[in-house]
Amino acid sequence: MPTPIIKVDAISKSFGAFKVLDGLSMQVMPGEKLALIGPSGSGKTTILRILMTLEKIDGGHIQVDGEQLYHMERNGQLLAADERHLARMRQKIGMVFQLFNLFPHKCVMDNVTLAPMLTKGVARAAAEKRAMELLDMVGLADKAKAMPAQLSGGQKQRVAIARALALSPKIMLFDEVTSALDPELVEEVLNVMRKLAAETDMTMLLVTHEMGFAHDFADRVLFFDRGRIVEEGKPDEIFRHPKQERTQSFLKKIIAAGHRV
Amino acid sequence: MSRLPRTTANDRKFYTQMTGYLGLILQGALVTIELTLMGSVLALIMAFLAGMGRVSRFFILRAIATVYIEFFRGTSIFVQLFWVYFVLPFAGLSLTPLQAGVLALGLNVGAYAAEVVRGAILSVGREQYEACTALNLGRWQGMRHVILPQALLVMLPTFGNNAIELLKATSVVSLISLADLTFQAQVVRSQTGSTLMPFVSVLVIYFALALIISWGVRTLERRMARGLDGVRV
Ligand SMILES: Nc1ncnc2c1ncn2[C@@H]1O[C@H](COP(=O)(O)OP(=O)(O)OP(=O)(O)O)[C@@H](O)[C@H]1O
Ligand SMILES: [Mg+2]
């Protein structure tokens with residue numbers, strides 16, 4: 001029985017008086033492809049941002065790859081993690097954002113090579129070689145010299161995926177990576193994700209409103225509502241035979257909005 | 001040969017005198033340019049130190065930067081120059097007029113430009129900082145490679161204005177008898193009794209210098225913005 005690569009234990013998170021996550025617990029197995037679905041405001045983005053250390057937690061514990069994310073053990077005591085600990089933990093995790101967040105002043109190649117060269121001391125030649133492989137994988141080998149502003153949304157997002165992959169994280173977080181794209185550009189990004197899922201053993205957590213894709217892609221689906229996991233299970237169980245009333249009504253609304261399940 | 005206008009001895013004297021006076025004014029212009037260049041370098045250094053200090057996560061750095069900025073914006077360049085030149089010697093630090101001028105101008109304009117640096121850093125979107133974190137860049141690495149290069153583009157136009165302000169402010173050094181453009185104009189005026197010639201030359205030279213600064217900054221801006229909007233590459 002392998003141990004979970006992510007273990008979220010009773011975490012809570014508030015923005016001001018508003019409690020976004022309330023005692024949330026979940027586990028993710030190494031290599032697992034997980035889809036997080038649920039209504040707007042249910043805390044899906046927040047949990048990804050917490051895993052990426054972009055938000056702090058108010059309470060609870062998170063273990064990533066056998067180590068505490070927000071705590072360090074010193075002489076048997078659990079202390080709040082310092083910046084060095086966080087930097088070490090971040091090596092295990094990569095994130096792709098809804099709005100790509102590319103560096104607009106750097107060409108595609110430099111976007112991809114910057115972090116490996118700075119954070120891992122990879123030499124430029126080696127970093128560029130690896131970047132070309134990744135750009136080739138996402139189908140953008142010919143755009144290495146382009147500036148982000150010259151790319152379509154779908155191309156930008158594929159660069160962003162290559163950029164995150166360049167650090168070889170064990171865990172990748174995808175937050176609605178296609179929802180800012182024109183409909184005809186969605187598929188090229190989803191194809192890259194399919195390829196990733198098929199060709200790597202990376203653990204992938206994906207927040208999405210593309211229910212059809214979640215169904216095909218995920219090993220397991222978590223349905224979020226108001227900061228809690230209301231229901232979870234295999235894609236078929238969740239999408240075909242949801243047990244909870246809230247899951248049913250959410251899916252009904254999604255289908256009514258024209259999404260394929 | 002005979003077609004050339006005949007010049008009398010008096011005319012010749014007048015011309016040599018005038019070119020002599022023009023030479024004085026050009027010497028003054030050189031001092032002004034020197035002051036502007038060195039003052040701008042110091043101002044730039046101060047602006048980045050204080051501007052980045054203002055957004056530091058360390059209270060003490062924020063405090064020092066704030067005091068510096070508020071102090072130098074809240075007192076006049078005259079007073080600052082007098083302090084640097086006349087009061088610092090009592091503290092054992094005697095400066096030449098040029099050093100005093102550069103120091104006062106650099107510190108003064110640096111305080112204004114620091115706010116420009118701060119504003120520009122803050123104008124870079126939160127998502128850029130988050131991308132840095134997600135790529136595990138350290139604070140300084142992110143600042144140096146991601147935030148500052150983008151902020152620089154925002155700063156540049158205002159830096160151009162700051163440099164022109166500095167150029168115009170250089171004339172205060174004539175008060176500590178540094179022979180800059182304004183000082184030489186006064187000298188020429190008192191020696192010739194002519195007001196028009198020195199003051200027209202001074203006007204034209206200041207204006208030309210300001211134009212050069214504007215043009216330089218705009219060129220720099222265009223080069224740095226290349227590729228950012230996806231049109232010009
Ligand atoms: N920085 C913030 N400050 C205040 N409130 C926030 C902040 N970030 C998120 N929230 C609130 O927390 C709640 C959960 O947000 P979150 O972004 O995690 O939802 P989500 O499930 O990703 O929704 P969506 O499907 O719309 O992206 C929302 O009500 C949101 O308004
Ligand atoms: Mg979201």
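Labels below follow one simple rule: chain letters A, B, ... track the order of the sequence lines, proteins then strands, and each chain is numbered from 1.
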Side chain, backbone, both or neither: which part of [X] has a heavy atom under 4.5 Å from chain B?
| X | answer |
| --- | --- |
| A:R49 | side chain |
| A:K106 | side chain |
| A:L173 | neither |
| A:L118 | both |
| A:E83 | neither |
| A:L99 | neither |
| A:F97 | side chain |

Going from CD on B:Q141 to OG1 on A:T119, what distance comes out if it is rounded to the nearest 0.5 angstrom?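 These two atoms lie 7.0 Å from each other.
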
Neighbour count above 12 (heavy atom, 6.0 Å) for [X] [atom1]:
| X | atom1 | answer |
| --- | --- | --- |
| A:D82 | CG | yes |
| A:Q27 | CD | yes |
| A:F15 | CZ | yes |
| B:R73 | CZ | yes |
| B:F86 | CZ | yes |
| A:K120 | NZ | yes |

Can you give me every donor-acceptor pair (side chain of residues 64-71 of chain A, partner residue at least two apart or in another chain, under 3.5 Å) with its distance?
residue: A:D65; atom: OD2; partner: A:K92; partner atom: NZ; Å: 3.2
residue: A:D65; atom: OD2; partner: A:K170; partner atom: NZ; Å: 2.7
residue: A:E67; atom: OE1; partner: A:R88; partner atom: NH1; Å: 3.3
residue: A:E67; atom: OE1; partner: A:R88; partner atom: NH2; Å: 2.7
residue: A:E67; atom: OE2; partner: A:R88; partner atom: NH1; Å: 3.3
residue: A:Y70; atom: OH; partner: A:I50; partner atom: O; Å: 2.5
residue: A:Y70; atom: OH; partner: A:E55; partner atom: O; Å: 2.7

Under 4.5 Å, heavy atom to heavy atom, which residues of residues 102-140 of chain B contact chain A?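 Residues B:R126, B:E127, B:Q128, B:E130, B:A131, B:C132, B:T133, B:A134, B:L135, B:N136, B:L137 are the ones that qualify, each having a heavy atom under 4.5 Å from chain A.
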
Any donor-acceptor pair under 3.5 Å from A:H105 side chain to B:I147 backbone: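 A pair under 3.5 Å: no.
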
